[in-house]
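Comments concern the structure below.
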Amino acid sequence: MIDSGFVLPTLALVIFVTVLPAAAFVAIMIFLRPYPRWAAGASITAISVSLVSAFWLIFRHWHIEVPIQYTVRWVVSGDLYIPFGFLLDPVSLLMLIVVVAICFLVQVYSIGYMSGDPGFSRYYAFMSLFAWAMTSLTVSPTLIQLYIFWELVGLASYLLIGFWYEKFSASEAGKKAFVMTRFGDVAFFLGLLLVLLHFGNLNILDLNGPGVAEQMAPGILTLSVLLIFGGIVGKSAQFPLLTWLPDAMEGPTPVSALLHSATMVAAGVYLFARMFPFFSHSSIAMSVILAIGTISMLAASTMAMVSRDIKRVWAYSTISQLGYMIMALAAGGYFAGVFHLTTHAGFKALLFLCSGVFIHHCNTNDMYEIGQRGGRRLVAPLICMIIGAAALTGLPPLSGFYSKELILGVLADRHNAIWVAAGLLGVFLTGYYTFRLIFIILFPASISEDHSGHGQDAHDNRLNERLMVWPLVVLAAITLVLGFFERPLEHFIGLRHTADAVPTSGLHWTLYISLGLAAASVGLAWMEFGRRGAAQIGFVERIPVLNAFFSERWYIDRFYRFLLDRVVYNGIAALCAKNDEKVIDGSIDGFGRGTARTGRLIAWLHTGMVQYRLLIIFAVMVLLGMYVAF
Amino acid sequence: MTLSAILFYILSGVILAATVLAVTRRNLVHAVVYLVISFFGSALLFYLFGAPMLAALEVIIYAGAIMVLFLFIIMMLRVGQFQEEMFPLSQWLPAAAIAAVYIFVGAVLVYTDPTNREVLVSAVATPQAFGRYVFENHWLAIELVSLLLLIALVGALFLGKSSPHRQTPESRRET
Amino acid sequence: MIVPFGHVLLLAGVLFMLGMVCAVARRNLVMILLGVEIMLNAATIVFIGASLRWQEMEGQVFVLFIFAVAAAEVSVGLALIISVYRRTGSVDPNNYNLLK
């Protein structure tokens with residue numbers, strides 16, 4: 001590890017990548033609020049410089065062997081030493097590129113999408129805030145610093161989800177997202193404390209090093225891994241904390257593309273990848289994590305099958321794909337998980353941005369209505385969307401195919417066949433719900449006339465749409481070619497850092513089965529939705545029980561509502577209120593009342609029957625006698 | 001058990017019984033009469049203890065003057081019309097409590113002091129000896145007591161005087 | 001030889017207690033005064049007994065004074081009762097609570 005002798009340009013590059021967006025945020029919030037164009041300009045300039053710096057970094061350090069760390073002393077207290085700074089190793093460099101590239105593309109896209117919105121400058125300010133937080137999270141050298149930026153990313157998410165705060169459901173969704181991820185963050189912090197207590201410091205390189213297993217007892221290690229994974233469950237919307245992500249679709253579509261598909265929710269998976277050697281020490285925890293990932297993946301896929309809202313479908317899909325990544329990492333497939341993270345960022349952002357164009361044009365989120373209003377007339381977004389959908393399903397030669405194959409290969413290498421079976425089932429479901437959506441838009445039951453009209457508004461609209469299309473094209477191109485970068489990237493990430501990783505083999509028997517299942521699912525979707533004269537009702541929707549179950553998100557929300565109402569409000573809150581009323585107020589009032597009552601009693605003795613005064617005399621006499629006697 | 005001892009115990013029994021009865025009578029006249037019996041018993045006790053002069057004085061002053069005075073006042077006040085609530089609990093209970101404690105403490109005090117075991121030796125103070133002793137040693141106290149009696153006389157006269165303007169209950173009844 | 005001194009003290013004590021009960025637990029002004037008389041009588045018994053025990057005359061002398069004082073006090077007390085009765089028409093001590 002190189003602690004000093006740091007080549008200055010690299011440090012400057014890292015600082016450009018992380019701090020420039022922060023500067024843009026501050027500049028916009030303080031100076032540029034009244035000038036939307038300047039705000040957008042500042043933000044995009046910052047993120048472009050960050051992008052260039054990130055590319056420069058990765059090309060300079062393509063052959064990086066040893067992680068580069070640059071730190072300053074931050075918290076020193078007795079034995080505790082927490083530095084602040086940057087840590088660069090292959091996975092962080094890769095993630096940096098992913099994050100900054102998608103931030104850039106989304107910000108360009110937003111010029112068109114958010115034009116005319118009264119909160120335009122505020123939007124770009126929050127975008128820059130997010131960029132700063134996410135990039136700093138990526139290059140954090142200690143878990144504490146990562147946690148700080150983890151929270152900041154959550155804050156940016158809250159601000160952006162509730163961006164249209166006048167709409168009640170949007171602010172509710174922001175609140176829900178923040179509170180749910182908070183639960184995960186509490187577990188994360190407890191895990192951090194546990195590690196700090198038993199290991200002594202929180203440096204990522206130390207935690208991933210060989211000394212951990214000696215210093216921490218196995219039980220403590222498993223517990224801390226599970227607690228830190230709790231944070232991942234919250235942030236990456238895994239079971240059971242997954243219901244905030246569909247509701248987070250209340251935010252603008254570019255926000256969903258950036259945060260809730262490609263980068264923020266991927267932060268959880270990134271943390272897992274970062275701490276992969278540390279997590280691998282505990283096989284119990286890894287099995288639990290594998291199970292949770294599987295459940296999330298399957299549950300979210302089923303929920304996507306019955307959803308009518310375009311963005312909700314992609315949200316469920318995100319949860320599902322994150323489940324895949326977590327399954328891969330938990331099964332030991334380090335590169336498989338990281339690669340799927342990369343490709344997923346690309347094609348999921350693509351899918352969201354395409355949907356954004358449709359939503360912007362047709363003014364509705366409902367896929368049936370988009371179809372009916374002539375969504376398929378938007379040719380470029382439609383083609384990009386089909387490319388993205390194919391990648392998601394895992395059709396060759398797109399990037400999603402390669403990454404999914406890696407994952408299935410890793411799962412197949414495990415002894416228990418249930419995991420690979422679940423993975424293959426997931427492939428089938430993914431293809432089904434993806435192409436259900438495509439076919440509903442492509443082949444609507446009825447189609448209305450082109451109401452886009454002429455005139456200045458329509459002209460502006462078309463201008464915006466053309467602006468929005470360019471990022472789509474870029475992302476589609478990336479999706480097409482990224483698959484061929486698998487070998488170089490694998491070499492870049494390097495197996496040396498991951499002693500417990502499973503080396504990826506070549507063609508696997510799972511390849512054929514998954515291809516067959518993907519094709520079958522597309523065919524089923526075609527039959528139900530795409531054929532001429534098809535009823536456009538899915539097989540799941542025909543079964544009312546299943547339909548209700550999946551639509552209600554497996555009743556998880558209902559369960560949380562019940563828990564909140566019964567346990568928290570009626571139980572704990574009522575208990576606290578009663579305590580406040582009866583015990584605290586009661587004791588204070590009682591104190592006062594008791595004093596008054598005692599006073600009244602003494603006054604009564606004083607003013608009551610005359611003969612009591614005689615009695616007092618005798619009583620005193622008796623007391624004197626007692627004093628003398630005893 | 002000498003005769004004197006037996007006499008003492010009998011007299012104590014009489015005194016206590018009479019006093020208890022006096023305390024618990026609703027009719028005030030009955031109470032006063034029982035108390036007179038108690039004072040007679042007391043006088044005999046004094047005689048037993050060798051103070052014949054005081055025994056006589058007890059009968060004359062206490063039983064004779066004071067109790068008769070009580071009777072006069074009772075009859076004057078016509079308290080027969082007043083139905084007293086006998087032994088209300090709120091008054092009786094604290095009194096009983098304190099009385100119990102008092103008796104207990106008294107008993108303890110008496111029995112823990114060894115000088116109390118001494119048996120009294122009977123002696124008699126003849127009136128001459130008594131009178132000589134008083135006037136030789138306590139003549140000032142006698143003078144003061146006579147002054148006190150004078151004050152009491154004046155006070156009683158003044159307090160008992162009925163004011164001319166007010167209608168007293170007695171005069172009200174006559175009209 | 002008569003009785004141990006302690007017995008005399010006990011007799012006087014019980015008598016005193018009875019007098020106290022009468023003074024405190026009866027709802028009649030006259031009975032209060034009567035209780036006081038009983039208590040005074042108990043005191044005189046103690047003095048006589050003590051005089052005999054220590055074979056001194058002082059005890060008996062004091063009893064004389066007690067008699068005198070008791071007489072004075074009873075007369076004034078009864079006069080007070082009459083005066084109070086004339087004012088309020090009742091001898092219930094609970095009615096005299098103007099000092100509340």
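Given the structure is predicted, the values throughout are model-derived calculations rather than measurements. Chain letters run A, B, ... following the sequence lines, proteins first and then strands; every chain starts at 1.
For B:Ala65, no part lies under 4.5 angstrom from a heavy atom of chain C. Neither the backbone nor the side chain of B:Ala96 comes within less than 4.5 Å of any heavy atom of chain C. The contact between C:Glu58 and chain B is made by backbone and side chain atoms together, counting heavy-atom distances below 4.5 Å. Using a 4.5 Å cut-off between heavy atoms, B:Tyr111 contacts chain C through its side chain alone, with no backbone atom that close. The contact between B:Tyr133 and chain C is made entirely by side chain atoms (from C-beta outward), counting heavy-atom distances below 4.5 Å. Using a 4.5 Å cut-off between heavy atoms, B:Leu54 contacts chain C through both its backbone and its side chain. Both the backbone and the side chain of B:Leu57 come within contact range of chain C, each with at least one heavy atom under 4.5 Å from a heavy atom of that chain. No part of B:Leu93 comes within reach of chain C, as not one of its non-hydrogen atoms sits under 4.5 angstrom from that chain. No part of C:Ser51 comes within reach of chain B, as not one of its non-hydrogen atoms sits under 4.5 angstrom from that chain. Heavy-atom distances place the side chain of B:Thr2, and not its backbone, under 4.5 Å from chain C. Interface residue B:Tyr102: only side-chain heavy atoms are found under 4.5 Å from chain C. Using a 4.5 Å cut-off between heavy atoms, B:Phe72 does not touch chain C at all. The contact between C:Met57 and chain B is made by backbone and side chain atoms together, counting heavy-atom distances below 4.5 Å.
Contact count against chain B (heavy-atom pairs under 4.5 Å) is highest for C:Arg53 among C:Arg53, C:Gln55, C:Glu73. No other option in B:Leu69, B:Leu150, B:Leu7 has as many heavy-atom pairs under 4.5 Å with chain C as B:Leu69. Looking only at heavy-atom pairs under 4.5 Å with chain B, the residue among C:Val14, C:Leu18, C:Leu15, C:Asn41 that has the most is C:Asn41. Counting heavy-atom pairs closer than 4.5 Å to chain B, the top residue among C:Leu9, C:Leu78, C:Ile45 is C:Leu78. Put simply, of B:Ser146, B:Ala123, B:Ala107, the one with the most heavy-atom pairs under 4.5 Å next to chain C is B:Ala123. Of all the listed residues (B:Gly155, B:Ala95, B:Ser122), the one sharing the greatest number of non-hydrogen pairs under 4.5 Å with chain C is B:Ser122. Taking chain B as the reference chain and counting heavy-atom pairs below 4.5 Å, the highest number among C:Ile48, C:Val76, C:Leu40, C:Val24 is found for C:Ile48. Chain B forms more heavy-atom pairs under 4.5 Å with one residue of C:Ile38, C:Leu10, C:Ile81, C:Val69 than with any other, namely C:Ile38.
Within the 4.5 Å cutoff, side-chain heavy atoms of B:Leu16 are placed close to those of C:Leu11. Between B:Leu48 and B:Phe8 the shortest side-chain heavy-atom distance falls below 4.5 Å. Within the 4.5 Å cutoff, no side-chain heavy atoms of C:Val84 are placed close to those of C:Leu80. Residues B:Val134 and B:Trp139 form no side-chain contact, since every pair of their non-hydrogen atoms from C-beta on lies 4.5 Å or further apart. Side-chain contact between C:Leu33 and B:Phe70 is present, with heavy atoms from C-beta onward closer than 4.5 Å. With contacts defined as side-chain heavy-atom distances shorter than 4.5 Å, the pair C:Phe62/B:His138 does not qualify.
Scanning all heavy atoms of the two residues, the minimum distance from C:Ala12 to C:Ala42 falls at O-CB, 3.5 Å. Nearest heavy-atom pair, C:Ile32 versus C:Arg26, reported as atom, atom and distance to 0.1 Å: CG1-O, 4.5 Å. Here the shortest heavy-atom pairing between C:Phe65 and B:Ala141 reads CZ-CB, 3.3 Å. Closest non-hydrogen pair, C:Gln60 versus B:Ala51, comes out as NE2-CB, 3.4 Å. Minimum interatomic distance between B:Pro52 and B:Ala125 (heavy atoms only, all atoms of both residues): CD-O, 3.3 Å. Here the closest non-hydrogen pair linking B:Thr112 and B:Leu109 is OG1-O, 3.3 Å.
Residue B:Ile74 holds its CD1 atom at 9.0 Å from CE of B:Met67, rounded to the nearest 0.5 Å.
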